[in-house]
Enquirer: 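Please read through the structure below; I'll follow up with questions.
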Amino acid sequence: MKRPLDFAHIADIHLGYMQYGLEARLQDFNNAFREAVDKLIEIKPDFILICGDLFHHPRPSNMTLEFAIEQLCRLKSAGIPVLAVDGSHDSAPNSVTGTILRPLDRAGLLIHLPSRPGSCYEGDAYYIYGVGYLRGRSKEAVLSDYVREFPPRPDPSKFNVMAFHMAVSHEALGVPRHIRGVSPKALPPGFDYYAGGHIHRPCLVRLLELGLPGQGYLAYSGSTETVNYREADYDKGFYLIHVSTDKHVEVERIGLEGVRKFVVFEEDITGLSPPKATELLADRIRAMDEREAVLIPIITGELPPGASLSEVDLTAIRSAASLALAVRPVLRAYEAELPELTMPSEREDIRKRAYRHLVEIFKGKGVEEPEKLAEAAIELIEPLLAGDEKQAMALLEGLAHED
Ligand SMILES: [Mn+2]
């Protein structure tokens with residue numbers, strides 16, 4: 001290579017995402033990008049690669065667009081070119097709408113790789129090939145179609161980078177199993193660095209480890225803010241790639257500090273009635289409460305027989321915090337299946353079984369004196385079946401007036 005090269009790899013910025021309907025969360029995504037831009041202006045790399053999902057929506061609000069333009073203008077003034085591909089969130093939803101990245105390209109604020117001839121951009125020391133998010137059920141098939149239509153032409157005398165927004169399946173990349181991605185072998189060969197977006201967990205893997213030729217890496221830079229509470233633990237930031245003239249690659253992680261804190265914790269409510277479970281969770285929220293944090297209690301376990309999930313008072317749990325920005329309970333507990341009733345032989349037996357069954361249901365609902373209520377329910381059956389309304393009313397009134 002003619003000269004050493006430094007470039008930044010960033011992705012999944014999700015501008016315009018108003019998580020939980022909170023203006024503060026929308027600002028968080030803006031703040032994370034602003035912090036990244038601050039750092040990038042200081043670092044002044046040769047170029048910046050945005051590997052998809054700059055925006056959370058294909059048609060961002062005017063406010064979000066204004067913010068993005070402001071930041072892209074700052075980079076332009078600093079003389080740092082921005083190259084981008086679209087992601088699953090900001091790619092063209094249809095051919096009429098098109099992608100938001102095209103007008104930004106036309107305005108000279110970024111280079112939208114897929115809009116450029118050959119889906120690439122070339123400098124004196126680098127060749128960058130970009131593939132945005134590809135719609136279609138078989139990602140390998142749509143990728144191979146794309147590569148056939150726009151054949152990549154990596155230049156061995158330059159540093160060759162492929163920017164993409166898709167999941168690559170390999171255990172070293174830790175891509176969740178439910179995400180069907182392409183095999184590393186489906187990627188076009190000849191690149192020194194494969195810069196990925198779409199997977200929000202940062203990951204840096206040697207090409208050799210993926211069975212690909214070359215000394216470089218395949219990397220996901222991860223997201224810049226927490227798009228889903230499951231990603232709360234992942235480091236937020238981007239990569240800075242240093243390449244020497246003999247193509248020796250060193251990758252540096254640049255972390256973002258101003259990211260919103262999430263406190264995610266699990267609480268098992270097995271055996272508790274819904275009111276008791278609500279109480280326990282409210283207590284836990286008060287104990288975990290933290291200024292400006294997002295609290296995510298994950299409620300697990302099995303409710304007692306007869307109790308239903310809708311009886312867990314999520315509003316009471318949410319309002320137990322006084323310092324946190326928000327409390328967002330995740331209800332993963334399940335309702336108990338009631339024991340199956342087998343046909344008894346005697347009439348007396350069915351009454352006993354029904355009684356025991358009802359006691360369990362009322363206990364689960366946190367009813368006081370469940371035995372008394374179950375007994376009354378059983379006694380009601382006979383007059384109801386006989387159409388004896390008077391007798392049924394008398395029983396009900398007796399129940400209401402007893403205390
Ligand atoms: Mn994303």
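Remember, predicted model here, so these are calculated numbers, not experimental data. Numbering of residues begins at 1 and proceeds along the displayed sequence.
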Enquirer: Could you give all pairs that pass the ring-ring contact (aromatic ring centres under 6.0 Å, His included) test and reach residues 70-91, with sequence neighbours left out?
Expert: His14-His89, His56-His89
Enquirer: Any donor-acceptor pair under 3.5 Å linking the side chain of Ser91 with the backbone of Pro58?
Expert: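 Judged by distance alone, no pair lies under 3.5 Å.
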Enquirer: Tell me which one of Leu75, Val37, Leu49 satisfies side-chain contact (heavy atoms from CB on, under 4.5 Å) with Val82.
Expert: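 Per the side-chain contact (heavy atoms from CB on, under 4.5 Å) rule, the option paired with Val82 is Leu75, out of Leu75, Val37, Leu49.
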Enquirer: Counting N and O atoms only, with roles assigned by atom type, does the side chain of Glu267 sit under 3.5 Å from a partner on the main chain of Pro297, one being a donor and the other an acceptor?
Expert: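 No: the side chain of Glu267 does not pair with the backbone of Pro297.
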Enquirer: How are the rings of Phe7 and Phe159 set relative to one another: parallel (under 30°), tilted (30 to 60°) or perpendicular (over 60°)?
Expert: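 Answer is tilted, since the angle falls between 30° and 60°.
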Enquirer: Measure the acute angle between the ring planes of Tyr239 and His9, then classify it against the limits of 30° and 60° as parallel, tilted or perpendicular.
Expert: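 The arrangement is tilted - the two ring planes meet at 30° to 60°.
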Enquirer: What pairs of residues pass the salt bridge (Lys or Arg N to Asp or Glu O under 4.0 Å) test when at least one of them lies in residues 237-256, not counting sequence neighbours?
Expert: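 Applying salt bridge (Lys or Arg N to Asp or Glu O under 4.0 Å) to every pair that reaches into residues 237-256, excluding sequence neighbours, yields Asp192-Lys247, Asp235-Arg253.
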Enquirer: Check the orientation of Tyr146 and Phe150. Use parallel for under 30°, tilted for 30 to 60°, and perpendicular for over 60°.
Expert: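 It falls in the tilted class, 30° to 60°.
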Enquirer: Measure the CD1-OG distance between Ile285 and Ser322 for me, rounded to the nearest 0.5 Å.
Expert: 11.0 Å
Enquirer: Centroid-to-centroid, Phe47 to Tyr126, below 6.0 Å?
Expert: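 Yes: the rings meet the under 6.0 Å criterion.
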Enquirer: Within the side chain of Asp105, is there an N or O that forms a donor-acceptor pair under 3.5 Å with the backbone of His112?
Expert: yes
Enquirer: Say whether, by atom type as modelled, one donor and one acceptor occur between the side chain of Gln215 and the main chain of His248 under 3.5 angstrom.
Expert: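 No: the side chain of Gln215 does not pair with the backbone of His248.
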